Each structure stands twice: as C-alpha cells, then as structure tokens.
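In what follows, chains are A, B, ... by sequence order, proteins preceding strands, each numbered from 1. Keep in mind it's a predicted model, so treat the numbers as computed, not measured.
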Amino acid sequence: MGSTPANIKALSFPQGGIHPPDSKLSSERAVRPITLPASIVLPLGQHIGAPSKPLVKPGDKVKTGQLLAEAAGFVSANLHSSVSGTVSKIDGVIDVSGYKKPAIFIDVQGDDWLDSIDRTPGILADISISSKDILQRITDAGLVGLGGATFPTHVKLAVPPGKKPPQILLINGVECEPYLTSDHRLMLEHPQEIMIGIRLLMKATGVSRAILGIETNKMDAIKLLTRYCDPKEGIQVQALKMQYPQGGERQLVKALIGKEIPPPPRGLPIDVGAVVINVATVFAVYEAVQKRKPLIERIVTVTGKSLKDPGNFRTRFGVTFDHLAALAGGVPDDTGKVTAGGPMMGRAFVDLSAPVTKGTSGIVFYPKDQSLRETLTNCIRCGKCVEVCPLGLEPYLVAALAEQGNWTRAEEEKLTNCCECSCCAYICPANRPLVDFIKLGKSRILDIMKKRQKV
Amino acid sequence: MTTARLLVVSQPPHIPGPFSTRRIMLDVLIALTPAFLAALYYFGVGAFLVTATAVVCCLATEYLIQKFLLRKEPTINDLSAVVTGVLLAMNLPSNIPLGMVAAGSIFAIGIAKMCYGGLGHNPFNPALMGRVFLLMSFPVAMTSWPKPLINRFSVDAVTGPTPLAIIKEGLHAGQPLGELMPKIPGYLDLFLGNRGGCLGEVSILAILLGLAYLLYRQVITWHIPVIAALSAFLLSGLFWIMTPGSTPDPFFHLLTGGLIFGIVFMATDYTTSPMTVKGMCFYAAAIGILTILIRSFGSYPEGMSFAILIMNAFVPLINKLCKPYRFGEGKI
C-alpha cells in the first residue's frame, strides 16, 4: 500500500460558481454514536414520491430494522423502525418543512435488532450476489439518495423506458456545502465499505467504470480512497476544485465527464450515460446488500460557530433535533436561526422537536447577528448574479419577472432550469431575494407546464 | 424539551455574501483616490473646490429629493451619490466656476438619476449626463483648461488647450502633424498627467492604479476596460497606417483626453453597462470605435463622453441580444 497520489490535477465545472468560506468546524471530529431518546417519530414521507403505507398499528411491538411501512408505488420507499419498542400512535408531526405530515410514533424500549441483520464488525468484500438480488435488497432496505434530494435509489438505478443503459457510475463525495462534514467523516472512517458499495452498484447497473469525485478541501479522503481503489476494476478517485456548487448533479457530471445533462424537468444523468449516487448512499448500499441492514440511521453533522461541541453523529431516524443539539453541547444561547442541511441550500425551521429524517445531512446553528437578512436595496445591475450562475441564467431578470408574475417571459428566460443553488443571492450586493422569487416562479411555471401537457 | 425561542425562517442562503452596495461604492471611491491626488498635485486648490462642491451638491440633491419629494427614507448612506459627485468632478476642468459645478451636480442627480427611479434605474451615466449638460450649457468654461503645476494655490489659472485640441485644430488648419507634435507634452508627461485636461483624466498612472484596485477587489472585471482600449487602439492604428503623417499614432489616442478614465471609471458603471460578459465585450468595443470616430471626424476634439452615453442607450438592446450560454441547452 504505497501512497499512490490521487489525480491531483483538480477538475471543476466551467461556468459560474462561488467560493463561500468553508467553515467545516467538525471535519476532525470522529463519528460518535447517540443515546436513544424515550420516543421517536418517523414521518411516512421521508423521500421524494408517494408516502409509504403503514403496516403497523398502535400497540404493535417492533424491533430495530423491522419494516414499518411499505413503498406505495414505484417512486416511493420502504420505511423501517430505527428503534425497538411499541408503536404509540400514527398521527401528524410538524417536520422541518413546517407542515404537519403523517408519521409513526414509537416509544423506545431497549435496542432489540432483527436477527436477519448482520451486526458483526467484519467487512464483507464478496460480491458474488447477482445484480438482480442487489437491486432487490436496495429496494427492500428503503434506500433513498442521502445527499439531500432523497430520491428512491432503486428508481435511480432502473433504466427509464426509452433510455439507453448507463456507461458510467459517478459517486458524489464532494460535500460542497459549507459546515457539513458527514460525508467527509464517512469516507475517512469507512473507505473499504465505500469501495465495496461502488463495486456492488457497478454490478447492479452493469457499468464498467466509476469515478468518485471529492473536493480538494478533503485531501486526506482523496488520498485514503485512492489507496483503496483498484484501477483494474475501473474505479478512479478524482480531485475536484473547491467551488460551490461542485456537488450539484449537473456540475459534478460536467466536471467529471465533460457532458451536460439537458435542462430539467426532463433531463436526467442517464441522458448522458451516467448514474450519480451520493457517497453516503453508497455506504448504505454496502450495509443493505452485504449486512442486510435497512436504512435506519445516517451520519448527521451538528455544527455552528457558537455550538460548544460540534460533531458528527450516527443518528437513528426519528430522533429530534433537540436531542441531537443536546449531544453537541446544547442549543447555543445566541441562536437566531437553525437549518436542516447546510447554509446554501438548507431549510430554516423553527420547531426543534422535528425529527431527523433520511434527508437530514446536517443541522447548523447560526448566531442572532447572522440570522436576519441585510437590508434590501435597489438592484444596481452589477451583473454578479449572472456571472456566478452555474446554469447560465440571468437571476436578476428571472427573479424580477417572477416578482411581476410574468410567467410566460420567465419561462422563456429558462427560469425552470434553476437548481436553487443560491449562488446569486449569496453574491448579490443589494441583498435581493432572488432565490425566493425564483422558487415561487418555478413552482408556478411547473404547474402551468403540467396543465399544458394535460390539455 | 422544546426550547422556547424565536427563530428566523427564510430562504437560503443563510450566510452573508462578500459584497454590499455600500462597500462597492466605497471601493470605487478608494480607486478614485490616486486620480484625485494627482488632480490636487497638478491643479491645486481648484481641484479640491470643484470636487467638494460636486460631492456636497450631489448628496444634498439626492437627500432633498428623497426626503421631501419622494417622502421616503433617504439612502445617501449607500455612497452612490458621493461616487457620482466625484466622477462628475473628475470630468470637469479645475477652474470652472463653482456655480456651474452645482448646476451640473443637480442635473446629474436630480434629472439623470432620480427622475428615472434612483439607484439602479438610470439608463444614462449620471456623472456623464452632468458633464455633457455643462458642456452644452457653458461651452467656453468647459473647454478652457488650466495648465498643470501653475498657480496651484489660486483659482485664477493660466489656461491653454488640451493636447487633443492642439492636434485637432492644428490638423484642421492644415498644419502638418510633424510640426504639431512638439507642441504637446511628451508621452511620459502624458502618462504621468503633466498636461491640461479634466481633473481625473490627466494622470494615466493614477487611473491604472485605481483600475488595479477595482480588479483586485472584484468590483469590475477586465472586459470593458481592456476591450475598449484595444478597439480604440486598433481603429486609431488603422487610421494611422492608412494616412501616415496626418493622423496621430494610437498611443497618442490612449494617452490623451479622457479615454482611459472613461473606460475604467465611466464605461464600467454597473447600472448603465450590460449584464453579461458577451454584452460587455460588444459594448466596450463599440465605445472604443465611437470615441476614435468622434475624435477623427466629429466637431468635438474629445468623443469619450458621447461614445459612452450613446452606448448606454443600447444597453437594454444588448442585454436582450447577448444571453449567457444556458447550461445543457446546447449539445449533449
């Protein structure tokens, strides 16, 4: 095991992008386990698609890893119990969206796992399992994309009708959001499992090449994973420049294989022959296939400048944010804002009793003086938003069109191409609420487009 | 254990960005400092009085209009009126009567900026509108230039024509270029600023220092200054090659008049320049070409202000035609 240097010539996407401060306070903090709370709440809709259908009723005893709710259709996902105990009720819970969502409430009793789950520490490298069985186990385990979009993994791995099969697997180990370090720690602590996960996914999708892209602020992870990857198997680690949104699907594909995914809502990575999977999902694939462990926990970064003890926690789903905050030294007194996810794309929410779900990559606490937006002033037409837009849009223009409700022109100016990376609002010297208006416009225009299709 | 505290909910981003309007305006003022100091050195107390009058009048005009006409909170803290005032002053001769400076300032802010809706809404560069307003209203005062380094402590300056005017009028009168060139300062003096002209335009060295600072602070990109200079250089070079002996060389054009000041500080004004890099390139190239055309064939010796104002008018059209490359819309 010599120190094989990674491909140090770092790649990047060519258009737009910003360089926000890294603020990775917890990248040196090893992943810690959590204590289990007295009760947990598991929302039924933790993924994109139809909410899962509950299979249990109040009073039922459940074990850790037991199926609680099954996928309701193809674009949906199974949901498993992350604890053992008794189902107390099925009711609404306010999640980070601020809306009440149906959820299964469980009173925790001990931590009694299903016998079928292999909890031994050994690493299982044998992948003689058939590709069909790999896909089945991924489906059974309720896997969804853990990068934040929570798209069901089995759907992503299936070739949609009319599309050619993929040629390459791209693994997203970029973690370009400031503050977040959960993927970084995972790569440092489980490099072998990730490599096995990649081989499983290559087998499942039938591709012969895979590239794992990592930003250069994680040189230790780049070096470590390069040491574990075998070029003979077609797996390569690729360094990527620190440039937000390097981990955006479109930017990552462009940086790694030079191809451009056609614009949404139709364009998918499969259109350029690629399947893109987050590195945390790859690890979950390893556990689901080799250890028969369903998706019941993930690494969550708990961080913030005023937090006493920021860190990365192996967190069971359904645990509240309050519980996590207590493990990291308690909610800081000067907290003015909390986000689920990082500062560039994360969602601000008010109720810390909301549960951690499959899409929760991190929780960030912001001091009061950074919580309110700066005063809104006139657009000075500096063009910086156009300069930083990674999709070549004119944010000042589409935001103004959305503000006026001019949906026709906003659509012509490709407002719906926006990936909501927030580069434009970050760079804006006049503090214009660009992303706010663009998101509004996007939902309105997508509705209009859907209606048009029906007619 | 739900904590009782008030939290803020907003759309991302949740961290502040590196730019603010006020800081950008401050950076422009810092970038203008070398040119201002050069003006003080060459033109003395007059340069200070003109600048101070322009800044005070611009601030007062904006404040009074916002406070009493529009009845809203004045936004003079954003420093944009200060920038307009300094830019206007930099475009005036140091011996101009201060009443005219006040008139130009009131026109620049009152008519050219606030009438259109204030910061960010004006189609034409306010400082240049102020300058052109004064040029048309008071043509004599606007074209009598104090000689540098003489009478710096009095406002009664010894005046003389600018290098551009010497060459243009001399050529017009049928004098050969070879006899005219010795009458103007050498190129090193032109570069350092030892010549007649407007406050800010004389010292190319000082302007380039300001440009370096603007680029370093990422207030502007290189596109507009470099492409405008290049297009002016190439067109004047073409004329020079085609009619040797009766046309000054391209370096003369770059070093004289307000060309460098214009392309660094006036053509790069955010509000009145295009939004995309592609658009900026067309806009800048056209400014360079128009400046040389006006200088060569127009009745004014200098064409910088008109070239920029003409191109300001085309900015909405340029924005419509020059779209950025939309990711994914091209080939797969």
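Comparing A/Leu397, A/Thr377, A/Leu393 by heavy-atom pairs within less than 4.5 Å of chain B, the highest count is held by A/Leu393. Chain B forms the most heavy-atom pairs under 4.5 Å with one residue out of A/Glu374, A/Arg250, A/His19, A/Met345, and that residue is A/Arg250. Ranked by non-hydrogen atom pairs under 4.5 Å with chain B, the options A/Gly98, A/Pro433, A/Gly346 are led by A/Gly346. When each of A/Leu391, A/Thr320, A/Val338 is scored by its heavy-atom pairs under 4.5 Å with chain B, the top score falls to A/Leu391. Ranking B/Ser10, B/Pro274, B/Ser273 against chain A, the residue ahead of the rest is B/Ser10, based on heavy-atom pairs under 4.5 Å.
A donor-acceptor distance shorter than 3.5 angstrom exists from the side chain of B/Asn91 to the backbone of B/Leu87, with no hydrogens or angles considered. Within the 3.5 Å criterion, the main-chain N or O of B/Lys72 finds no donor-acceptor partner in the side chain of B/Lys67. Distance alone, capped at 3.5 Å, places no donor-acceptor pair between the A/Ser23 side chain and the A/Tyr179 backbone. Checked by atom type and distance alone, the side chain of B/Thr84 pairs as donor or acceptor with a backbone atom of B/Ser80 at under 3.5 Å.
Heavy atoms closer than 4.5 Å to chain B are found in both the backbone and the side chain of A/Cys382. Residue A/Cys428 touches chain B through its backbone alone, counting heavy-atom pairs closer than 4.5 Å. Contact of A/Lys439 with chain B is made through the side chain alone, with heavy-atom distances under 4.5 Å. Heavy atoms of B/Asn319 lying under 4.5 Å from chain A belong to its backbone as well as its side chain. Only the side chain of B/Thr221 comes within less than 4.5 Å of a heavy atom in chain A; its backbone stays farther off. Of the two parts of B/Ile24, only the side chain, counted from C-beta on, holds a non-hydrogen atom closer than 4.5 Å to a non-hydrogen atom of chain A. Interface remark: A/Pro20 contributes side-chain atoms only to the contact with chain B (heavy atom separation under 4.5 Å). Looking at B/Val277, neither its backbone nor its side chain comes within 4.5 Å of chain A, counting heavy atoms on both sides. With a 4.5 Å cut-off on non-hydrogen atoms, A/Ser371 touches chain B through its backbone and its side chain both. Looking at A/Asp436, the atoms closer than 4.5 Å to chain B (heavy atoms on both sides) sit in the backbone and in the side chain alike. Looking at A/Tyr396, the atoms closer than 4.5 Å to chain B (heavy atoms on both sides) all sit in the side chain, from C-beta outward. Proximity to chain B is absent for every atom of A/Glu420, based on heavy atoms less than 4.5 angstrom apart.
Ring pair A/Tyr366/B/His14 is tilted by interplanar angle, where 30° to 60° counts as tilted.
Each of A/Glu412, A/Glu394, A/Glu260 was scored for a salt bridge (charged side-chain N to carboxylate O under 4.0 Å, His left out) with B/Arg326, with one residue passing: A/Glu394. Of the options B/Asp27, B/Leu214, B/Val86, B/Ile207, a side chain to side chain contact (heavy atoms under 4.5 Å, CB included) to B/Leu32 is made by B/Val86 and by none of the others.
Remark: A/Lys384 qualifies as a cation-pi partner of B/Phe19 under the 6.0 Å distance and 45° angle criteria applied to the six-membered ring.
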Verdict with reasoning, A/Phe349 to A/Phe321, per ring pair (Phe, Tyr, Trp, His ring centres under 6.0 Å): CA-CA 11 Å; A/Phe349 64 105; A/Phe321 286 99; 4.8 Å; yes

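With no hydrogens or angles considered, no side-chain donor-acceptor pair links A/Lys337 and A/Gln370 at under 3.5 Å.
Classification of B/Asp78 and B/Arg23 as a salt-bridged pair fails, no side-chain N sitting under 4.0 Å from a carboxylate O.
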